[in-house]
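Atoms within a ligand are numbered from 1 in the order they appear, just like the ligands themselves. Note that the numbering runs from 1 along the sequence shown for the chain.
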Amino acid sequence: MEKLVVNGKRKLSGEIRVQGSKNSTLPIIAATVMCEGEVVLHNCPELTDVVAAVNILEHLGCKIRKEKDTLIINSSAVSVSEISETLMHEMRSSIVFLGALLARTGNAELSTPGGCEIGVRPIDLHLRALRELGVKIKEENGKLFCTAPNGITGNEISLAFPSVGATENVMLAATLGKGRTILNNAAREPEIKNLADFLNSCGARIFSAGEGRIIIDGVKKLHGCEFTVISDRIVAATYMACAAVTSGEMDILNFPVSHISPVLPIFTSCGCRITADENNLHIRAPKKLRSPGTVRTMPYPGFPTDFQAPAMAMACVADGTAIFIETIFESRYKHVPELKRMGANISVEGAVAVVQGVSKLTSANVYAGDLRGGAALIIASLAAEGETNIYNLKHIDRGYENIEENLARLGAEIKREV
Ligand code: EPZ
């Protein structure tokens, strides 16, 4: 079974250029289905989730070429509007193709994405919003049969929760709809604005994306464009955490530093010294971290749920007690039992996890249960004494490009063994 073998207690130093954002690349790849012209997409990360999204594009009839981190996509020949169960289950966030397919073809047939390791992942907010845009949706035998017989009709919609995916599906569907759509209580994550910027580069008319209220004026068609995806804020913060737990020092390059504003207070509370300009950050860790205190996950611009697990790995080796409250997903503590096998002192009661920092972590065989939980195990292994084996790398490879090569270049003793 493939594993990462990590010998901990090596101080990390050096610089890392942050990869493109997975959670921007995926909805933008879906959006290319709507473009009747060539799209050149730069800064696409090499991830299994991106490969899964490209497989769906090819299945739909798009032509794709890849040149390093650039995807050249031509969707002029989109002829299919159904996505097979196999393709949907390769990556549950393929639900974002729904809005794009409806916009381009007026139809969409795909299987309901189902849950995943971190929760049930319902799509009720997506479906309710699309129905309010005039989409007819039949849910049968685990499949969604969607049609927009009179096209997508603009409307004013309010989301009960600022769901990232539901916001993206509304933006995609309404972009080629008739009239104006106003989306209230929209998600504000940076990836939302990046998707709007991409669509507007192709001729869409989307206003104030990234704020709680988005206005979309439907247009007739979208042309191609050349676009650069933003870099990944969660990956940037993950490398910062690797420096933090090894008393290291690191330059994190080529990402919008403002996108990690919600997590910077955690690092400074832990005693890290941070200097930054708009797109680069320098972090210097203390010999021993202090506890981050209380960490409550919230929709952006609150503390991101995707960084809860990596931050917990930091708290495990910090002085003092930290309290985590996971308010977004109902089962996002799969990393806790694995961290405890490495000597961490954590107790979980429902959505709350109390972490008592320990003087040291020790090596163990640990198993990633989900993407960010896997990142937490890597962070913990860098701080642990001895040789830790980390299994279930498929989770980690969904979101982190060349993780072992990058960490080795920063001074970690890490290798992948098949
Ligand atoms: C996106 O997932 C991200 N994935 C997730 O990142 C991220 O954790 C999440 O947003 C929150 O920031 C991608 O962008 C591909 P949501 P998404 O809809 O869109 C509930 C990672 O590690 N909900 O904002 O699925 C839902 O159950 C991944 O990169 C409904 O109840 O997140 C959850 O509790 C993991 N009904 C909450 O809202 C719905 O119809 C947030 O979900 C939709 C969501």
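Ligand 1 places these atoms under 4.0 Å from at least one heavy atom of F161: 37 (C), 38 (O), 41 (C). Interface atoms of ligand 1 facing S93, defined by a heavy-atom separation under 4.0 Å, are 15 (C). The ligand atoms of ligand 1 that sit less than 4.0 angstrom from a heavy atom of R121 are 2 (O), 17 (P), 25 (O). Within the listing of ligand 1, atoms 21 (C), 22 (O), 29 (O) sit less than 4.0 angstrom from a heavy atom of R372. Interface of I123 with ligand 1, defined as ligand atoms under 4.0 Å from a residue heavy atom, comprises 39 (C), 40 (O). Taking every heavy atom of K22 and a limit of under 4.0 angstrom, the matching atoms of ligand 1 come to 21 (C), 29 (O). Using a 4.0 Å cut-off to heavy atoms of G165, the atoms of ligand 1 that qualify are 18 (O), 19 (O).
Atom 39 (C) of ligand 1 has as its closest protein heavy atom P122 O, 3.1 Å. Of the protein's heavy atoms, D306 OD2, 3.9 Å lies nearest to atom 5 (C) of ligand 1. When only non-hydrogen protein atoms are considered, atom 40 (O) of ligand 1 lies nearest to L125 N, 2.7 Å.
For L371, every heavy-atom contact with ligand 1 shorter than 4.0 Å involves the side chain, none the backbone. In T305, the part holding a heavy atom less than 4.0 Å from any atom of ligand 1 is the side chain. Contacts of S163 with ligand 1, taken as heavy-atom pairs under 4.0 Å, involve both backbone and side chain. Of all the heavy atoms of I118, the ones lying under 4.0 Å from any atom of ligand 1 belong exclusively to the side chain. At a heavy-atom cutoff of 4.0 Å, ligand 1 is contacted by both the backbone and the side chain of V164.
Of the residues K340, R341, K334, the one that meets the side-chain hydrogen bond (donor to acceptor under 3.5 Å, both in side chains) test with E338 is R341.
Contact record, C242 with L407: SG-CD2, 3.9 Å, taken as the closest heavy-atom pair. A pairwise comparison of heavy atoms in F329 and I118 identifies CB-O, 3.4 Å as the closest pair.
Shown here, atom 20 (C) of ligand 1 is out of close reach of the protein: none of its heavy atoms lies under 4.0 Å off.
By the neighbour-count criterion of 12 heavy atoms within 6.0 Å, atom CD of E417 is densely surrounded, having more than that number from other residues, nucleotides or ligands. For K63, the NZ atom counts as loosely surrounded, since its 6.0 Å shell holds 12 or fewer non-hydrogen atoms of other residues, nucleotides or ligands. Other residues, nucleotides and ligands contribute only 12 or fewer heavy atoms inside 6.0 Å of the NZ atom of K193.
Polar contact with ligand 1: absent for E168 (N/O pair, distance under 3.5 Å). Distances between N or O atoms of F329 and those of ligand 1 include no value under 3.5 Å.
In this structure, a donor-acceptor pair under 3.5 Å is absent between the side chains of E189 and N23. Side-chain atoms of T297 and E326 form a donor-acceptor pair, as typed in the model, at a separation below 3.5 Å. At a cut-off of 3.5 Å, with distance as the only test, a side-chain donor of Y400 or R372 sits close to an acceptor on the other residue.
Taking a 4.0 Å cut-off on heavy atoms, G399 fails to register as neighbouring ligand 1. Using a 4.0 angstrom heavy-atom cutoff, R332 counts as in contact with ligand 1. Not a single heavy atom of I95 sits less than 4.0 Å from an atom of ligand 1.
E38 places no side-chain N or O within donor-acceptor distance of the main-chain N or O of I72, the cut-off being under 3.5 Å. Here the side chain of R131 pairs no donor or acceptor atom with the backbone of K136 at under 3.5 angstrom.
Between Y391 and L4, the closest side-chain pair of non-hydrogen atoms is not below 4.5 Å.
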